[in-house]
Amino acid sequence: MSISSRPKAPQSINELLSRIDDIAGLTVGDLANKYQFKTPKDLLREKGWIGQLIEWVLGAMAGSKPEPDFINLGIELKTLPISYAGKPLETTFVSVVPLKELQGLTWQNSPVKKKLNHVLWLPILSERDIAIEQRIIGSGFLWQPSHYEEALLRRDWEQQIEMIALGEIEKINGKLGQVLQIRPKAANAKALTDAIGPNGKIIQTLPRGFYLKTNFTADILKAQFSL
DNA sequence: TCGTGATCATTC
DNA sequence: GAATGATCACGA
């Protein structure tokens, strides 16, 4: 496979889907070589490496802006590490959790709903016993939450946001939520941020993120591939 | 410090 | 083995 330069942003959903089809079945190493990325031995110090490689390959505009990866198409790209059995190996990060100034925040205008409005899922066979470069890109597909899926997400979101508004962030752990959980999302234990504490007092706590539990993404995969 | 990309590592 | 808690890199 020859070397290629930086892909331009796809101008249509069909163009994006075409690119997805083109890379299905390739290994991470194939893509890395084609675009001159140096594949790391492991992901210990570069946990988001595969995701960023895929973004580049598909022409997603890199950056840490809180916007969809394909802004002109309104589509969010999510790589999904899967096992030999085709089940998700990890939860899926969605967005940071607001821990203060929650007035006016509703499910309808929430970042979680916006992020999950239209997702391009790209499964990647990522068992730990497979070298990074040998991991296989699967068949990506577009997804939008069904009414039922949205209801599940909304219920979990509202329950946990309410706890945060009541100053109960420290009572929230990863066990809460049927499909959407809140867990730490921080550089390390020393990275703290403001949050509403008991009695409305501002406290310092670990930044948190919303994550989709694996049962939720497993069902999305099942619906997509078992038809 | 926050938001992007996530997986690692320990516990259950 | 699955799930929760902790962590890594980078750009603005």
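So that the names make sense, note that chain A is the first sequence line, chain B the second, and so on, each numbered from 1.
Using modelled atom types and a 3.5 Å distance limit, the side chains of A:T27 and A:D30 yield a donor-acceptor pair. Checking A:T205 against A:E170 by side-chain atom types alone, a donor-acceptor pair falls below 3.5 Å.
Summary of the strand contacts: A:E67 and A:R135 both lie near DNA chain B, and taking for each the nucleotide with the nearest heavy atom, the more 5' one is attributed to A:E67. Between A:Q52 and A:I172, it is A:I172 whose nearest contact on DNA chain C lies nearer the 5' terminus. Each of A:T91 and A:A187 lies near DNA chain C, and the nucleotide nearest A:T91 is the one positioned closer to the 5' end.
Residue A:Y211 places no side-chain atom within donor-acceptor reach of the base of C:dA3, judged by atom type and a 3.5 Å distance cut-off alone. A donor-acceptor contact under 3.5 Å is formed by the side chain of A:K47 with the base of C:dT7. Evaluation of atom-type donor-acceptor distances gives no pair under 3.5 Å for the side chain of A:K115 against the base of B:dT4. A donor and an acceptor atom never sit less than 3.5 Å apart when one is taken from the side chain of A:K65 and the other from the base of C:dG11.
Close to B:dT7, at under 4.0 Å from its OP1 or OP2, lies no side-chain N or O of A:S126. Distances shorter than 4.0 Å separate none of the side-chain N or O atoms of A:Q181 from OP1 or OP2 on C:dA3. Between A:R183 and the phosphate of C:dA6, there is no side-chain N or O to OP1/OP2 separation shorter than 4.0 Å. Residue A:R45 places at least one side-chain N or O closer than 4.0 Å to OP1 or OP2 of C:dA9.
Among the protein residues, A:P66 comes within range of the sugar-phosphate backbone only, with heavy atoms under 4.0 Å from sugar or phosphate atoms but none that close to a base. Within 4.0 Å (heavy atoms only), A:G48 reaches at least one base atom of the nucleic acid. Using a 4.0 Å heavy-atom cutoff across all strands shown, A:N173 reaches sugar-phosphate atoms only and no base atom. A:K87 comes within 4.0 angstrom of nothing in the nucleic acid, heavy atoms only. Residue contacts shown for A:K175 are limited to sugar-phosphate atoms, with no base heavy atom under 4.0 Å away. Using a 4.0 Å heavy-atom distance criterion, A:A191 is classed as making no nucleic acid contact.
Rounded to a whole Å, the CG atom of A:L89 is 11 Å from the C1' atom of C:dA2. Residue A:W56 contributes atom CH2, which lies 15 Å from atom P of C:dC10 at whole-angstrom precision. Taking atom CG of A:L212 as the reference point, atom P of B:dT7 lies 13 Å away to the nearest angstrom. Following rounding to the nearest Å, A:K114 (NZ) and B:dT4 (P) show an atom-to-atom distance of 13 Å. Summarising the geometry, the separation between CD1 on A:I50 and C1' on B:dG5 is reported as 11 Å, rounded to the nearest angstrom. Following rounding to the nearest Å, A:Q178 (CD) and C:dA3 (P) show an atom-to-atom distance of 13 Å. Separating the CD1 atom of A:I169 from the P atom of C:dG5 is a distance of 11 Å, rounded to the nearest angstrom. Look at CG on A:L77: it is 12 Å from C1' on B:dA6, rounded to the nearest Å.
Comparing B:dA6, C:dG5, C:dT4 by their nearest atom to the side chain of A:T79 picks out B:dA6. Distance from the side chain of A:L44 is smallest to B:dA9 among B:dA9, B:dA6, B:dT4. Here the nucleotide nearest the side chain of A:E76, chosen from C:dT7, B:dG5, B:dA9, is B:dG5. Checked against C:dA9, B:dA9, B:dC2, the side chain of A:T193 finds its nearest nucleotide in B:dC2.
Residue-environment remark: OH (A:Y84) exceeds the threshold of 12 foreign heavy atoms within 6.0 Å. No more than 12 heavy atoms of other residues, nucleotides or ligands shown are found within 6.0 angstrom of NZ on A:K87.
Note: A:F141 and A:F225 meet the aromatic proximity criterion, with ring centroids under 6.0 Å apart.
Ion pairing of A:E150 with A:K113 is present here, as a side-chain N (NZ or NE/NH1/NH2) and a carboxylate O approach within less than 4.0 Å. Using a cutoff of 4.0 Å between basic side-chain nitrogens and carboxylate oxygens, A:E90 and A:K78 are not scored as salt-bridged.
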